[in-house]
Amino acid sequence: MRADLLAGAIAGLDDALAAVDAVDRVLVAGLLRPQPAQAADLTRLAASVTGTPLAARVAEAADKAAAGTAGPEHLLALAAARTALLGSVHDALTDRVAAATGRAVDEWESAPPAAAIPSNLQDAACAWLSDLARSGWQGIDADLIAGATPVVTAMLPDPALRRLATVLDGFAAELAASCPGASLHRIPARRWGDLWSRAMLLTRSGVADSPAAGTVTGRLLPLGVDLHEHGTAAQAQVHAVFEPADGGAPRLVRASVSVPKPETVVGAGVWQLLRPHLSLLAAAGDAHAVEVADMPITAEGDLLWQDELATRAADADPFATARLVLPTATAAAVAPLDRHPARIAEPVFLDGYTVEGEPEALTFTIAGQRIPVDTDRIPAAGPLTPATVAASTACIGLLRWDDGAFVVQPLAVLAVVKRKTVAVHAGAWAAGTTDKVGAKAEKAATAAVDALRERAGKLLRA
């Protein structure tokens, strides 16, 4: 990898992010009684999209918002401009990653526009989000947030509206936990701005349309598992290289499974909840390939996993895959609405680096270029630790963008342990383990899960 290409400045990137920050400042204070500073920020946003198809609408929306007379259609234009700016940042960063890795990227093919289906519920959601923008994050209160509940409840039974309902539900829960806004010492302006903008755009039919899922047949070579944990949910995302049976070029793909979980199930216990749902987790844990036949896949490279369409294949060392196959793999395109810097997670293989710093703040130095290591993303549900990464000589990781710089999230490393070079994977315990530490954690988690199931059974019988 050309690490030097990751360090150079990207023209226009700081200006685009500054315009996004301007919108976020407006949303913090709200648009009920706009002040001169907010008018200046809105003017900056309008100027940032000059010369684009959004220019006229955003200029009008900025004027209306600065005057305190913005309607839902004007706030929708502001949300679209903010999303477009972050999309441009995403594209600039992924272009830089493609240049550094030498990786080709598929072009996005827009889906045929679907017939717009007007929905009173979408309009109601837009009205609630407009009220949020007027109050600002500093002005939120319990009564305002409660306005989302009947809208979400009415949306959830309709599959076409479930994506919007889920975003609104999660967003409203975050806001409710932070009420009243006037007492907040720190406001997550970028995050709430992201959620508000996405929800606003999802209130318009057809915005999130994408080509129908196709199918693929061939061999899947796992690279690693990225585990995401929340207090009440967990997701395992397997990154892999897919080799088509027809001899076509290899491509990067993902397969994910998500499950609800009790807050008391943590660490290795999470695998017990995830394991029954995705045979590919076993492949990633045991380091073998998988043959798939007619497996559904989205235009963004996400496999819609079905166990009955997959069979175990021969052993496949992820590091051999990373060295020999990954450099030739094509990255999937990203849907317009999903183009955001936080979404970037490009599989990379690194070796020949030196490690500097303490385990909590490591950096890889490659050909004189320093790349920070995101050790905070290493899950506790596996044998990979910051100390192991510090002793590593090669790494399979995800290249991400965080706080203005590229960082590496390790998925697996080759490390020297007791004078021997061994492979250590973050998802090594996905299929079970004989490792002493892992087995102890698994045993404790089993007891916790069994106790919870017994209590749940008693409640259901009562």
Check your understanding: Would you say the side chain of Ile366 lies within less than 4.5 Å of the side chain of Thr354, judging by non-hydrogen atoms?
Key -> no
Review point. Quick one: do Arg312 and Glu291 make a salt bridge, cutoff under 4.0 Å?
Key: no
Point to revise | Qualifying ring pair (Phe, Tyr, Trp, His ring centres under 6.0 Å) pairs, either residue in residues 330-356, two or more places apart | key: Tyr353-Phe364
Check your understanding: Would you say Val241 and Leu223 make side-chain contact, with heavy atoms under 4.5 Å?
Key -> yes
Review point. How many angstroms lie between atom CD1 of Ile371 and atom CG of Leu350, to the nearest 0.5 angstrom?
Key: 6.0 Å
Study note, to complete from the structure: Here the salt bridge (Lys or Arg N to Asp or Glu O under 4.0 Å) pairs for residues 412-421, sequence neighbours left out, are none
Check your understanding: If you take all heavy atoms of Ile145 and Ala172, which pair is closest and at what distance?
Key -> CG2-O, 3.3 Å
Practice item. Any chance you could measure Leu54, atom CG, to Leu78, atom CG, to the nearest 0.5 Å? Key: 10.5 Å
Review point. What distance separates Leu303 CG from Thr298 OG1, expressed to the nearest 0.5 Å?
Key: 8.0 Å
Revision key, fill the gap. What one should report as the nearest heavy-atom pair of Ala268 and Trp429 is CB-CE3, 4.1 Å
**Study point:** Centroid-centroid distance, Trp137 to Trp192, less than 6.0 Å
**Key:** yes
Exercise for review: Show your reasoning for whether side-chain contact (heavy atoms from CB on, under 4.5 Å) applies to Leu362 and Val389.
Suggested key: CA-CA 8 Å; Leu362 298 175; Val389 176; 3.9 Å; yes
**Study point:** Qualifying salt bridge (Lys or Arg N to Asp or Glu O under 4.0 Å) pairs with a residue from residues 95-108, counting only residues at least two apart or across chains
**Key:** Arg103-Glu346
Study note, to complete from the structure: All heavy atoms of Thr375 vs all of Pro359, minimum pair found to be CG2-O, 3.5 Å
Point to revise | Exam field: side chain Thr365 to backbone Gly368, donor-acceptor pair closer than 3.5 Å | key: no
Exercise for review: State, yes or no, whether a side-chain contact exists between Thr101 and Pro327 at a heavy-atom distance under 4.5 Å.
Suggested key: no
Check your understanding: Between Val28 and Arg25, is any pair of side-chain heavy atoms under 4.5 Å apart?
Key -> no
Practice item. Quick one: pull up CD in Gln138 and CD1 in Ile187 and give me the separation to the nearest 0.5 Å. Key: 4.5 Å
Practice item. Begin with the C-alpha distance, continue with both residues' side-chain angles, and end with the deciding distance and a verdict on side-chain contact (heavy atoms from CB on, under 4.5 Å) for Arg251 and Val216. Key: CA-CA 11 Å; Arg251 54 193 293 194; Val216 291; 3.9 Å; yes
Review point. Do Ser392 side-chain atoms and Leu414 backbone N/O form a donor-acceptor pair below 3.5 Å?
Key: no
Review point. Minimum heavy-atom separation for Ala426 to Pro383, with atom names?
Key: O-CD, 4.4 Å
Run the side-chain donor-acceptor check on residues 87-94: report pairs under 3.5 Å with partners two or more places apart or on a different chain.
unit_1, atom_1, unit_2, atom_2, d
Ser88, OG, Leu85, O, 2.6
Thr94, OG1, His90, O, 3.0
Thr94, OG1, Asp91, O, 3.1

Report, one line per pair, each donor and acceptor closer than 3.5 Å where one atom sits in a side chain of residues 395-412; sequence neighbours left out.
unit_1, atom_1, unit_2, atom_2, d
Arg400, NE, Gln409, OE1, 2.7
Arg400, NH2, Asp226, OD2, 2.9
Arg400, NH2, Gln409, OE1, 3.2
Gln409, NE2, Asp226, OD1, 2.8

Exercise for review: Keeping to residues at least two apart or across chains, list the ring pair (Phe, Tyr, Trp, His ring centres under 6.0 Å) pairs with something in residues 287-322.
Suggested key: Phe319-His425
Review point. Does any non-hydrogen side-chain atom of Val225 lie less than 4.5 Å from one of Gln237?
Key: no
Check your understanding: Going through the checks in order, is the side-chain contact (heavy atoms from CB on, under 4.5 Å) test met by Asp351 and Thr393?
Key -> CA-CA 6 Å; Asp351 64 354; Thr393 58; over 6 Å; no
Practice item. Mind checking salt bridge (Lys or Arg N to Asp or Glu O under 4.0 Å) for Glu356 and listing every partner two or more places apart, or none if nothing turns up? Key: Arg370
**Study point:** Side-chain (Lys261) to main-chain (His230) donor-acceptor, under 3.5 angstrom
**Key:** yes
Review point. Under the 3.5 angstrom rule, does the side chain of Thr166 hit a backbone N or O of Arg162 as a donor-acceptor pair?
Key: yes
Check your understanding: Do Gln122 and Ser205 have side-chain N/O donor and acceptor atoms under 3.5 Å apart?
Key -> yes
Practice item. Kindly state each residue pair satisfying salt bridge (Lys or Arg N to Asp or Glu O under 4.0 Å) with at least one member in residues 216-225, sequence neighbours excluded. Key: Arg219-Glu243
Review point. Closest approach of Pro296 and Gln306, non-hydrogen atoms and distance?
Key: CG-NE2, 3.4 Å
Point to revise | Non-hydrogen side-chain atoms of Pro262 and Leu273 separated by less than 4.5 Å | key: yes
Check your understanding: Got a salt bridge between Asp41 and Arg44, using NZ or NE/NH1/NH2 to carboxylate O under 4.0 Å?
Key -> no
Per-pair distances, 0.1 Å, donor-acceptor, side chain in residues 332-339, under 3.5 Å, sequence neighbours excluded:
unit_1, atom_1, unit_2, atom_2, d
Asp338, OD1, Arg198, NH1, 3.3
Asp338, OD1, Arg198, NH2, 3.1
Arg339, NE, Val334, O, 3.1
Arg339, NH2, Val334, O, 3.1

Practice item. Would you mind reporting whether Val20 and Leu86 have side-chain heavy atoms less than 4.5 Å apart? Key: yes
Review point. Taking the side chain from Thr328 and the backbone from Leu324, do they hold a donor-acceptor pair closer than 3.5 Å?
Key: no
Review point. In terms of heavy-atom contacts, does CD of Glu308 have more than 12 from other residues, nucleotides or ligands at under 6.0 Å?
Key: yes
Review point. So how far is it from Asp21 CG to Leu45 CG, rounded to the nearest 0.5 Å?
Key: 11.5 Å
Revision key, fill the gap. Asp4 and Gln369 have their tightest heavy-atom pair at CA-CG, 3.5 Å
Review point. How about Arg190: does its CZ atom have over 12 heavy atoms from other parts shown lying under 6.0 Å from it?
Key: yes
Point to revise | Residues that Asp302 engages under salt bridge (Lys or Arg N to Asp or Glu O under 4.0 Å), provided they are two or more places apart | key: Arg254
Point to revise | Pairwise distance CG(Leu164) to OG1(Thr203) - rounded to 0.5 angstrom | key: 7.0 Å
Check your understanding: Listed by chain and number, what are the side chain to side chain donor-acceptor pair (under 3.5 Å) partners of Gln235, not counting sequence neighbours?
Key -> His228, Ser258
Check your understanding: What residues, two or more places apart in sequence or in another chain, satisfy ring pair (Phe, Tyr, Trp, His ring centres under 6.0 Å) together with Trp196?
Key -> none
**Study point:** Candidate pair Thr388 and Val413, rule side-chain contact (heavy atoms from CB on, under 4.5 Å), full reasoning
**Key:** CA-CA 8 Å; Thr388 309; Val413 298; 3.9 Å; yes
Review point. Just wondering, do Val292 and Phe242 contact through their side chains at under 4.5 Å, heavy atoms?
Key: yes
